[in-house]
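Accompanying notes for the structure given below.
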Number of protein chains: 2
Amino acid sequence: MSLKYGVLGLLKGEPLHGYEVKSRFEAMLGGTWEVNIGQIYTTLQRLERDGLVRPAGPRGDRGKLLYELSPQGQKALDQWLGEPDSGPQQLHEDIYVKLLLATRVANGDLQGMLARQKRTYLQRLRDLNRLEERARRDGRLDLARLVRGALLHAEADLKWMDELSSERFGAEGARTE
Amino acid sequence: MSLKYGVLGLLKGEPLHGYEVKSRFEAMLGGTWEVNIGQIYTTLQRLERDGLVRPAGPRGDRGKLLYELSPQGQKALDQWLGEPDSGPQQLHEDIYVKLLLATRVANGDLQGMLARQKRTYLQRLRDLNRLEERARRDGRLDLARLVRGALLHAEADLKWMDELSSERFGAEGARTE
DNA sequence: CAGCCGATACATACTCGGCATACATACTGA
DNA sequence: TCAGTATGTATGCCGAGTATGTATCGGCTG
């Protein structure tokens with residue numbers, strides 16, 4: 001999502017060039033997020049266009065161009081950090097649409113779908129647990145905290161699936177016309 | 001997110017034109033998702049380009065163009081419904097980046113940030129509860145099920161914030177260089 | 001009733017940001 | 001010299017929003 005502020009945050013403190021922004025960002029996320037390199041550069045260009053970052057000096061070594069935070073960039077970053085994250089609000093996610101369509105279209109195999117979904121979440125739980133363990137082993141407590149959040153989400157999803165699959169489904173409420 | 005399959009699913013059974021796809025979609029989501037009209041048409045064009053839908057007859061009334069599902073579209077829809085949703089996997093969300101940056105940049109006001117975030121989630125809980133109640137009153141049990149999922153997520157987020165704010169934070173593990 | 005007016009049904013075009021692929025080039029170490 | 005990595009640019013798709021345009025319909029007013 002918002003590479004934009006990630007980049008701003010990394011630039012706070014020391015100027016970096018594009019490629020290094022990429023590696024710092026990925027390191028910060030503990031390897032859980034491989035950023036596309038092209039995206040970094042377009043993001044930097046847009047940030048420059050909007051006056052939030054600026055080149056710190058002329059191009060160096062092999063075309064390397066250091067960027068630094070402008071005062072406005074500083075301000076924008078602080079503001080973003082200061083306001084709460086609204087998250088992907090509401091029901092704008094694939095799983096919701098899939099559930100709705102499954103009840104009205106594939107009424108037959110809804111239980112199967114729930115079971116598959118459940119298996120998916122279980123797998124995620126396992127992955128996240130391994131990730132958390134690794135983060136702690138590496139002394140990356142900050143990362144472990146993030147993973148903890150993701151774990152809670154996966155557990156919530158699992159619980160949801162359990163609730164759903166213990167309901168008896170009918171076509172109730174699935175009509176819209 | 002994936003309007004694409006939402007559109008396919010709505011087209012299953014009866015041909016519709018763009019504007020009506022929009023209203024059906026929004027009705028299906030119980031008014032929690034106002035779709036952009038332009039997006040519907042571009043989505044339909046792309047689906048036609050990819051052979052998943054096709055015009056059902058010539059343009060009618062006032063330029064109205066009915067679309068219907070092609071056999072391939074049918075197949076694509078069934079496949080999508082059959083596979084589990086992978087969800088926004090990993091830690092690619094704003095809140096994670098924000099937390100990381102907050103610990104390493106704004107170490108001072110992390111507790112404040114957590115508190116604000118908690119308030120945001122509480123508000124969401126209230127909103128979702130109202131929404132669920134309304135859905136049940138309207139006999140939209142399918143919708144209520146979705147809202148239940150969103151509620152569980154919000155609760156998980158809240159729990160996460162509680163865990164975090166009862167930790168004592170240091171700069172441990174926040175270094176990457 | 002004529003005529004106008006605002007709402008809504010219906011569609012297109014344009015723009016921007018996110019994200020991915022592909023490509024180019026220089027350096028560096030085996 | 002060959003593989004890999006550091007570093008950057010160009011290009012294109014898709015999601016999503018804004019703006020615009022036309023036809024119809026249900027009024028309200030003179």
Side-chain angles (χ1 to χ4, degrees), chain A residues 1-8 10 15-27 29 31-53 55-67 76 80 86 88-94 97, chain B residues 1-8 10 15-27 29 31-53 55-67 76 80 86 88-94 97:
Chain A
M1 300 229 84
S2 136
L3 253 198
K4 178 177 167 184
Y5 292 102
V7 170
L8 285 183
L10 287 169
L16 300 171
H17 55 262
Y19 197 85
E20 205 167 4
V21 168
K22 171 185 153 76
S23 20
R24 300 271 180 125
F25 190 88
E26 291 175 347
L29 269 297
T32 60
W33 189 341
E34 300 251 324
V35 194
N36 185 298
I37 180 64
Q39 210 184 329
I40 297 278
Y41 292 108
T42 48
T43 299
L44 279 170
Q45 281 162 17
R46 285 196 273 262
L47 285 173
E48 182 181 4
R49 180 201 57 192
D50 298 341
L52 303 186
V53 308
R59 277 173 189 273
D61 225 3
R62 66 211 76 156
K64 287 204 284 191
L65 179 51
L66 288 182
Y67 283 100
W80 183 73
S86 70
Q89 78 240 51
Q90 315 193 66
L91 313 180
H92 294 206
E93 282 173 63
D94 275 21
V97 174
Chain B
M1 297 231 87
S2 137
L3 254 198
K4 179 178 167 182
Y5 291 102
V7 171
L8 285 183
L10 288 170
L16 301 171
H17 56 262
Y19 196 84
E20 204 166 5
V21 168
K22 172 183 153 76
S23 20
R24 300 269 181 129
F25 191 88
E26 291 174 347
L29 269 297
T32 61
W33 188 341
E34 299 252 324
V35 194
N36 185 297
I37 181 63
Q39 210 184 330
I40 297 278
Y41 291 107
T42 48
T43 299
L44 279 170
Q45 281 161 17
R46 286 196 271 261
L47 286 172
E48 182 181 3
R49 180 200 59 191
D50 297 341
L52 303 186
V53 308
R59 278 174 188 272
D61 224 4
R62 66 213 77 161
K64 284 204 286 191
L65 180 50
L66 288 182
Y67 284 99
W80 183 72
S86 69
Q89 78 239 51
Q90 315 193 67
L91 313 180
H92 293 207
E93 283 172 62
D94 276 21
V97 173

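Bear in mind the structure is a predicted one, so any value in this text is a computation, not a measurement. All values below come from the heavy atoms of this structure, side chains included, with hydrogens, waters and symmetry mates left out.
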**Prompt:** What's the CD-P distance between B:Gln45 and D:dC14, to the nearest Å?
**Reply:** 12 Å
**Message:** Using OP1 and OP2 only, check whether a side-chain N or O of A:Arg49 sits under 4.0 Å from C:dC16.
**Reply:** no
Polar atom pairs (N or O), protein with nucleotides 17-20 of chain D, under 3.5 Å:
from	atom 1	to	atom 2	distance (Å)
D:dG17	N7	B:Asn36	ND2	3.3

**Asked** Nearest-Å distance, CZ (A:Phe25) to C1' (C:dG18)?
**Response** 13 Å
**Item:** side-chain contact (heavy atoms from CB on, under 4.5 Å) partners for B:Glu34, two or more places apart
**Value:** B:Glu26
**Request:** Quick one: list whatever passes side-chain contact (heavy atoms from CB on, under 4.5 Å) with B:Tyr5, sequence neighbours left out.
**Result:** B:Ser2, B:Leu8, B:Trp80
**Prompt:** Which atom pair, heavy atoms only, marks the closest approach of A:Ile40 to A:Gly18?
**Reply:** CG2-O, 3.6 Å
**Rounded distance in Å - NZ (A:Lys22) to C1' (D:dT9)** = 15 Å
**Message:** With a 4.0 Å cutoff (strictly under), does any side-chain N or O of B:Tyr19 reach OP1 or OP2 of C:dA11?
**Reply:** no
**Asked** Between atom NE2 in A:His17 and atom P in D:dG8, what is the gap in whole Å?
**Response** 5 Å
**Asked** What is the distance, rounded to the nearest whole Å, between atom CG of B:Asp50 and atom P of D:dC14?
**Response** 7 Å
**Prompt:** Are the side chain of B:Asp50 and the backbone of B:Leu52 linked by a donor-acceptor contact shorter than 3.5 Å?
**Reply:** no
**Asked** B:Leu65 CG to D:dT22 P: how many Å, rounded?
**Response** 20 Å
**Approximate separation, where rounding is to 0.5 Å, of B:Leu44 CG and B:Gln39 CD** = 11.0 Å
**Prompt:** Quick one: side-chain contact (heavy atoms from CB on, under 4.5 Å) partners of B:Phe25, sequence neighbours excluded?
**Reply:** A:Val97, B:Leu3, B:Leu10, B:Met28, B:Leu29, B:Trp33, B:Val35
**Fill in**
Rounding to 0.5 Å, atoms CD (A:Glu20) and NE2 (A:His17) come to a distance of 5.0 Å
**Request:** Measure the distance from CG on B:Leu3 to C1' on D:dA16 and round it to the nearest whole Å.
**Result:** 10 Å
**Asked** Within the pair A:Tyr41 and D:dT9, is there a side-chain N or O less than 4.0 Å away from OP1 or OP2?
**Response** no
**Complete:** Rounded to the nearest 0.5 Å, the CG atom of B:Leu16 sits from the NZ atom of B:Lys22 at a distance of 14.5 Å
**Message:** With each end axis built from five pairs of C1' atoms, what bend angle do you get for the helix from C:dC1-D:dG30 to C:dA30-D:dT1? Round to 10°.
**Reply:** 0°
**Prompt:** Rounded to whole angstrom units, what separation is found between the CG atom of B:Leu47 and the P atom of D:dC14?
**Reply:** 10 Å
